[in-house]
*Asks:* 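I have a structure I would like to understand better, so I am pasting it below and will then ask my questions one at a time.
Here is how names work: the chains are called A, B, and so on, in the same order as the sequence lines, proteins then strands, and each is numbered from 1. Below, each value reflects all heavy atoms present in this structure, side chains not excepted, and no hydrogens, waters or symmetry copies.
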Amino acid sequence: MDFETLVTYYERISSTKKRLEILDIFSQLFSYIRDNPDKTDEGDLEKIIYLTQGTLYAEISEQPKLGLAEKTLKDLLSSYYAVNSSTVDSIMKKTGDLGETAAKLAGSKKKQGQITAFMGIQKETLYIKDIYDRLTEIANISGTKSLDKKFDKLRWLLARSSPLSVKYLMRIINSSLRVGVSDATIMDGLAVAFLDDKNYRTLIEKAYNIYPDLGYIGKKIHKEGLNGLKSVQIQIGVPIRMMLASRLDYTQILDKIGGECVSEYKLDGERLQIHKSGENVGLFSRRLKNISEQYPDVQYVIANNISADKVILEGEAVAMDVMFETMLPFQVLTTRRRKYDIQEFVKKIPVCLFLFDLLYLEKNGEKIPVMNKSMLERRKYLEEITTESKELRVVMQKPIHTTDELVEFFNEARAKNCEGIMNKSVDPIESIYKAGNRGFLWIKLKSLEAGKMKDSIDVVPIGAYMGKGKRSNRYGAFLVAVFNEENEKYEFLTRVATGFSDDDLEEFWNMLQPTLSESRPTNVVCNTEKPDVWFNPSAVIEIVGDELTISNKADAGKFYNGQVREKGYSVRFPVFQRLRSDKNIIDCTKVDELVDFYQLQPSSEDLI
DNA sequence: CCTGATGCGTC
DNA sequence: GTCGGAC
DNA sequence: GTCCGACGACGCATCAGG
């Protein structure tokens with residue numbers, strides 16, 4: 001199948017937002033493959049699935065990534081189409097899409113004519129396998145001059161591609177097709193095209209959840225039909241898609257979860273799925289990457305303190321102080337996520353693994369289908385097979401019957417440096433491990449929002465970036481500042497981009513036009529960001545966040561008590577709340593208050 | 001040889 | 001991670 | 001409720017370029 005044909009499907013899908021129409025067109029693509037083996041290459045289906053996901057391989061694959069994204073691709077475009085980078089930038093700002101930008105440049109006939117004539121390239125058909133193979137080659141290039149080599153190959157592709165193909169080629173390389181098709185639609189498409197019934201999506205999803213590679217699943221369905229699907233089994237070494245939690249206001253949790261639940265601390269570390277087979281231990285991340293090498297200490301403790309032949313466990317790895325007494329913030333743990341000097345960091349930043357679930361168990365030759373057992377049953381098995389130590393614990397659980405108990409437990413968790421609590425259904429039938437699902441069997445509580453106990457910050461917009469995709473022609477993200485009374489300047493705190501409705505965005509666009517500034521205003525401190533536009537401080541908006549962080553990037557608080565410090569303050573998970581038209585810019589949050597906030601945080605570490 | 005820019009993956 | 005919009 | 005795609009701070013790895 002040629003790439004141009006594929007791109008035509010993408011283009012048709014782009015024209016609608018209706019889910020059913022998208023599915024209809026997308027499944028036609030699969031049906032075409034099904035009905036035209038003579039016109040398709042072996043492996044086309046698999047490749048189309050990956051390309052549609054904006055990637056070359058499944059997430060569980062350990063193959064290299066392309067190593068190209070927006071900034072680098074913009075350089076490519078300006079060099080290939082022989083235009084200034086500012087020209088590329090201005091088209092980008094207008095279209096809000098790298099693919100559209102590339103297509104515009106490719107469509108400018110003069111350039112196209114010049115280049116093709118100069119290079120003497122015949123118009124030729126590019127097949128999906130050609131594109132895929134080239135991209136794979138590009139992904140495998142590394143070392144000195146690798147970018148030049150990657151660009152060479154990309155030029156080869158660009159020279160042979162129509163503007164429309166260029167558009168999607170760029171989007172694929174930039175890992176986002178932006179047509180409204182993602183995993184769920186791909187599975188629906190497979191069900192419709194190859195199994196003649198959308199309801200088979202359930203079965204496909206079941207297989208995908210235990211073998212998270214849609215290319216593989218697709219191929220299997222294509223070749224073997226339903227039987228192929230049914231042959232997919234849990235395997236030690238193949239990660240299972242993780243079960244996720246919903247989030248609810250604390251007043252609604254007990255109702256939703258069935259009147260009672262069991263709660264656990266929500267630890268602020270890294271989630272690990274652990275596969276053990278004899279002495280072999282594999283570790284997988286939330287996004288199913290194999291990260292075994294990053295925690296040799298965890299591998300060791302699992303190998304020696306879990307009594308089961310084969311087992312799949314889940315837990316949270318948390319950085320600890322050297323005495324294993326207090327849990328350290330996430331920011332500390334991240335310095336351990338590394339490729340080099342691992343042994344050194346194992347000693348410097350020890351980790352405790354807090355186990356909280358069991359997904360597979362084979363003991364004394366007996367296979368126990370644990371995933372479909374209730375949470376409390378799984379928990380019982382988990383406790384049975386683990387020998388606890390300071391590096392390996394089973395996370396503490398507390399039965400909860402009333403909202404008062406819930407709040408009390410939440411406050412206790414916060415006092416111990418936890419993000420909050422996880423509340424789990426105890427339903428004897430329903431509370432199975434639902435792989436890949438975000439339901440209400442697990443409900444997280446991170447703040448008592450309804451009680452207004454969460455601190456908000458009043459900040460001043462000082463700049464913005466143009467939005468992309470559905471945010472095009474609006475600001476997509478705002479730079480926001482806090483006032484420093486010592487130097488009387490507005491210092492950059494964080495970007496905010498979430499929490500805005502479309503109406504908010506439109507309102508802000510209009511409201512901020514009169515405050516646009518040619519360059520960074522003199523009363524604004526912002527050393528790291530280069531926004532598309534600057535604003536003279538004029539408005540106050542309220543934002544909230546999970547916590548303050550110590551930042552190498554932010555300027556807020558760098559100038560404090562007459563001293564200049566290396567680091568400033570920023571915000572983890574910033575969210576826009578509302579415009580404070582009742583406030584003057586001088587009434588925004590001050591650096592002093594920020595410092596106080598930070599010190600009041602339970603997990604406040606000496607990171608500054 | 002060092003530094004800044006960029007990508008990628010964690011939350 | 002958070003969130004809003006369309007279905 | 002589901003699905004998708006806007007976008008956050010951070011830290012490490014890698015590579016280009018001075």
Side-chain angles (χ1 to χ4, degrees), chain A residues 16-23 54 59 64-75 96 141-148 150 174-188 244 246-247 266-272 285-289 291 294 316-317 329-341 345 419 437-440 444 446 465 467-472 474-480 493-505 528 530 543-554 567-577 607:
Chain A
T16 179
K17 284 187 175 178
K18 294 197 175 70
R19 303 302 320 162
L20 294 174
E21 267 180 45
I22 289 176
L23 173 59
E59 288 198 291
K65 286 279 152 57
L66 279 159
L68 300 165
E70 190 178 297
K71 294 256 175 34
T72 315
L73 292 171
K74 282 202 303 195
D75 286 348
I141 298 171
S142 68
T144 313
K145 299 270 178 182
S146 57
L147 208 49
D148 283 349
K150 289 184 185 198
N174 204 20
S175 347
S176 155
L177 216 55
R178 260 200 314 226
V179 296
V181 174
S182 191
D183 289 9
T185 311
I186 294 175
M187 288 189 278
D188 278 343
L244 306 172
S246 307
R247 206 176 159 173
K266 189 176 188 306
L267 307 164
D268 195 9
E270 176 170 23
R271 186 160 178 189
L272 297 183
S285 70
R286 169 60 214 286
R287 296 224 163 44
L288 312 179
K289 300 279 169 211
I291 52 167
Q294 292 185 358
E316 188 91 358
F330 177 73
Q331 255 184 293
V332 174
L333 181 73
T334 55
T335 63
R336 255 200 74 167
R337 305 192 78 263
R338 55 173 50 246
K339 190 173 170 184
Y340 304 108
D341 307 320
F345 276 79
E419 280 189 279
N437 181 279
R438 169 168 267 143
F440 291 91
K444 61 183 155 185
K446 292 176 74 170
Y465 289 95
K468 315 231 172 66
K470 60 188 177 190
R471 292 252 174 113
S472 47
R474 294 275 180 284
Y475 299 128
F478 297 89
L479 307 192
V480 121
L493 175 72
T494 181
R495 300 193 203 187
V496 216
T498 189
F500 298 96
S501 68
D502 289 356
D503 287 348
D504 291 333
L505 255 17
T528 51
K530 292 180 206 79
I543 66 170
V544 292
D546 261 26
E547 61 180 353
L548 294 180
T549 54
I550 298 304
S551 170
N552 287 313
K553 204 180 119 192
K567 302 179 181 189
Y569 295 89
S570 194
V571 181
R572 175 140 86 145
F573 310 141
V575 178
F576 167 78
Q577 297 294 112
L607 300 176

*Asks:* Quick one: side-chain hydrogen bond (donor to acceptor under 3.5 Å, both in side chains) partners of A:T528, sequence neighbours excluded?
*Replies:*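 Result, side-chain hydrogen bond (donor to acceptor under 3.5 Å, both in side chains) vs A:T528: none returned.
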
*Asks:* It should be established whether A:S176 places a side-chain nitrogen or oxygen under 4.0 Å from OP1 or OP2 of nucleotide D:dG5.
*Replies:*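 False: A:S176 side-chain N/O out of range (4.0 Å or more) of D:dG5 OP1/OP2.
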
*Asks:* Looking only at the side chain of A:R495 (C-beta and beyond, no hydrogens), which of the listed nucleotides D:dG8, D:dA13, D:dC10 gets closest?
*Replies:*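 So the side chain of A:R495 is nearest to D:dG8.
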
*Asks:* Within the pair A:Q331 and D:dA9, is there a side-chain N or O less than 4.0 Å away from OP1 or OP2?
*Replies:*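 Checking D:dA9 against A:Q331, no side-chain N or O comes under 4.0 Å of OP1 or OP2.
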
*Asks:* Are A:I22 and A:V179 close enough that some pair of their side-chain heavy atoms sits under 4.5 Å apart?
*Replies:*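 The answer is no; the side chains never approach within 4.5 Å.
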
*Asks:* Quickly work out the A:R471 CZ to D:dC4 P distance and round it to whole Å.
*Replies:*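 In whole Å, D:dC4 P lies 19 Å from A:R471 CZ.
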
*Asks:* Of all residues at least two apart in sequence or in a different chain, which pass the side-chain hydrogen bond (donor to acceptor under 3.5 Å, both in side chains) check with A:T334?
*Replies:*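 In terms of side-chain hydrogen bond (donor to acceptor under 3.5 Å, both in side chains), with neighbours along the sequence ignored, A:T334 is linked to no residue.
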
*Asks:* Return a single string for nucleotides 5-11 of chain B, one symbol per nucleotide in 5' to 3' order, where B is base contact, S is sugar-phosphate-only contact and - is none, cutoff 4.0 angstrom on heavy atoms.
*Replies:* -SSSSBB

*Asks:* Can you work out whether A:F576 or A:K18 has the more 5'-proximal nearest nucleotide on DNA chain C?
*Replies:*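 The residue whose closest nucleotide sits nearer the 5' end is A:F576.
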
*Asks:* Can you tell me how far P of D:dG1 sits from CZ of A:R19, to the nearest Å?
*Replies:*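 Going from CZ in A:R19 over to P in D:dG1 covers 18 Å.
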
*Asks:* Could you tell me which residues satisfy salt bridge (charged side-chain N to carboxylate O under 4.0 Å, His left out) with A:K74, sequence neighbours excluded, listed by chain and number?
*Replies:*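 Listed in chain order: A:D89.
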
*Asks:* Please name all residues satisfying side-chain contact (heavy atoms from CB on, under 4.5 Å) with A:S175, sequence neighbours left out, ordered by chain then number.
*Replies:*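 Partners of A:S175 by the side-chain contact (heavy atoms from CB on, under 4.5 Å) criterion come out as none, since no residue qualifies.
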
*Asks:* May I ask you to say what A:V179 touches in the nucleic acid, namely base, sugar-phosphate or nothing, with a heavy-atom cut-off under 4.0 Å?
*Replies:*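 Sugar-phosphate, backbone atoms only, no base.
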
*Asks:* Using only atom types and a distance under 3.5 Å, with no angle test, would you say the side chain of A:S570 pairs donor to acceptor with the backbone of A:L493?
*Replies:*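 Confirmed, A:S570 side chain pairs with A:L493 backbone.
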
*Asks:* Quick one: label A:F500 by what it contacts on the DNA or RNA (base, sugar-phosphate, nothing), any heavy atom closer than 4.0 Å.
*Replies:*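 If one applies the 4.0 Å heavy-atom cut-off, A:F500 turns out to touch the sugar-phosphate alone, with no base involved.
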
*Asks:* Does A:T494 place a side-chain N or O at less than 4.0 Å from the phosphate oxygens OP1/OP2 of D:dG8?
*Replies:*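 No, because none of the side-chain N or O atoms of A:T494 sits under 4.0 Å from OP1 or OP2 of D:dG8.
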
*Asks:* Which residues satisfy the salt bridge (charged side-chain N to carboxylate O under 4.0 Å, His left out) test with A:R572, sequence neighbours excluded?
*Replies:*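 Salt bridge (charged side-chain N to carboxylate O under 4.0 Å, His left out) list for A:R572, sorted by chain: A:D268, A:E547.
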
*Asks:* Taking only residues two or more places apart in sequence or in another chain, which ones pass side-chain contact (heavy atoms from CB on, under 4.5 Å) with A:R337?
*Replies:*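 Only A:E270, A:I291, A:Q294, A:Y295 meet the side-chain contact (heavy atoms from CB on, under 4.5 Å) criterion with A:R337.
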
*Asks:* Between A:N552 and D:dG11, does any side-chain N or O lie under 4.0 Å from OP1 or OP2?
*Replies:*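 Checking D:dG11 against A:N552, a side-chain N or O does come within under 4.0 Å of OP1 or OP2.
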
*Asks:* Relative to the 5' end of DNA chain C, which residue comes earlier, A:L244 or A:L20, by the nucleotide with the nearest heavy atom?
*Replies:*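 Closest to the 5' end, via its nearest nucleotide, is A:L244.
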
*Asks:* Using a 4.0 Å heavy-atom cut-off across all strands, classify A:K470 as base, sugar-phosphate, or nothing.
*Replies:*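 The residue A:K470 makes base contact.
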
*Asks:* Classify A:G439 by what it touches in the nucleic acid, base, sugar-phosphate, or nothing, heavy-atom distance under 4.0 Å.
*Replies:*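 Nothing, no heavy atom under 4.0 Å.
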
*Asks:* Check this for me: does any side-chain nitrogen of one of A:E419 and A:K444 sit under 4.0 Å from a carboxylate oxygen of the other?
*Replies:*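 Salt bridge flag = no for A:K444 with A:E419.
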
*Asks:* Counting only side-chain N and O atoms of A:T549, is one of them less than 4.0 Å from OP1 or OP2 of D:dA9?
*Replies:*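 It does not, given that no N or O in the side chain of A:T549 lies less than 4.0 Å from OP1 or OP2 of D:dA9.
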
*Asks:* To the nearest angstrom, how far is A:L548 atom CG from D:dA9 atom P?
*Replies:*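 For the pair A:L548 CG and D:dA9 P, the rounded distance is 13 Å.
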
*Asks:* Could you list, one pair per line, each protein nitrogen or oxygen that sits under 3.5 Å from a nitrogen or oxygen of nucleotides 15-18 of chain D, together with the distance?
*Replies:*
residue, atom, partner, partner atom, Å
D:dC15, OP1, A:G143, N, 2.7
D:dA16, OP1, A:K145, N, 3.2
D:dA16, OP1, A:S146, N, 2.9
D:dA16, OP1, A:L147, N, 2.9
D:dA16, OP2, A:K145, N, 2.9

*Asks:* With sequence neighbours left out, what residues match A:E59 under side-chain hydrogen bond (donor to acceptor under 3.5 Å, both in side chains)?
*Replies:*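 A:E59: no side-chain hydrogen bond (donor to acceptor under 3.5 Å, both in side chains) contacts found.
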
*Asks:* Distance between the C1' atoms of C:dG1 and B:dC8, in whole angstroms?
*Replies:*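 Between the two C1' atoms, the distance is 15 Å.
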
*Asks:* Have a look at A:K74 and say if it touches a base, only the backbone sugar-phosphate, or nothing, with a 4.0 Å heavy-atom cut-off.
*Replies:*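 It contacts nothing in the nucleic acid.
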
*Asks:* Rounding to an integer number of angstrom, what distance separates D:dC7 and B:dG7 when you compare their P atoms?
*Replies:*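 It comes out at 15 Å once rounded to the nearest Å.
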
*Asks:* Whole Å only: how far is the CZ atom of A:F345 from the P atom of D:dG11?
*Replies:*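 Spelled out: CZ on A:F345 to P on D:dG11 is 12 Å.
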
*Asks:* Reckon A:Y569 has a side-chain N or O less than 4.0 Å from the OP1 or OP2 of D:dC10?
*Replies:*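 No, A:Y569 has no side-chain N/O under 4.0 Å of OP1/OP2 on D:dC10.
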
*Asks:* Between P on D:dG11 and CG on A:L333, what's the gap in Å once rounded to a whole number?
*Replies:*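 In whole Å, D:dG11 P and A:L333 CG are 12 Å from each other.
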
*Asks:* What is the distance, to the nearest angstrom, from the CG atom on A:D546 to the C1' atom on D:dC10?
*Replies:*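 So the CG-C1' distance, A:D546 to D:dC10, works out to 14 Å.
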
*Asks:* What integer distance in Å separates A:Q577:CD from D:dG8:P?
*Replies:*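 So the CD-P distance, A:Q577 to D:dG8, works out to 17 Å.
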
*Asks:* Round to the nearest Å and state the distance from A:L505 atom CG to C:dC3 atom P.
*Replies:*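 Result: 16 Å.
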
*Asks:* Which part of the nucleic acid, if any, lies within contact of A:F440, taking any heavy atom under 4.0 Å across all strands shown: a base, the sugar-phosphate backbone alone, or nothing?
*Replies:*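 If one applies the 4.0 Å heavy-atom cut-off, A:F440 turns out to touch the sugar-phosphate alone, with no base involved.
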
*Asks:* When the C1' atoms of C:dA6 and B:dT3 are considered, how many whole Å apart are they?
*Replies:*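 The answer is 46 Å between these two C1' atoms.
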
*Asks:* Could you tell me if A:S501 and A:D504 have a donor-acceptor pair between their side chains, going purely by distance under 3.5 Å?
*Replies:*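 The criterion, which ignores hydrogens and geometry beyond distance, is satisfied for A:S501 and A:D504.
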
*Asks:* Less than 4.0 angstrom between a side-chain N/O of A:K17 and OP1 or OP2 of D:dC4, yes or no?
*Replies:*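 So the side chain of A:K17 is outside the cut-off, no N or O lying under 4.0 Å from OP1 or OP2 of D:dC4.
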
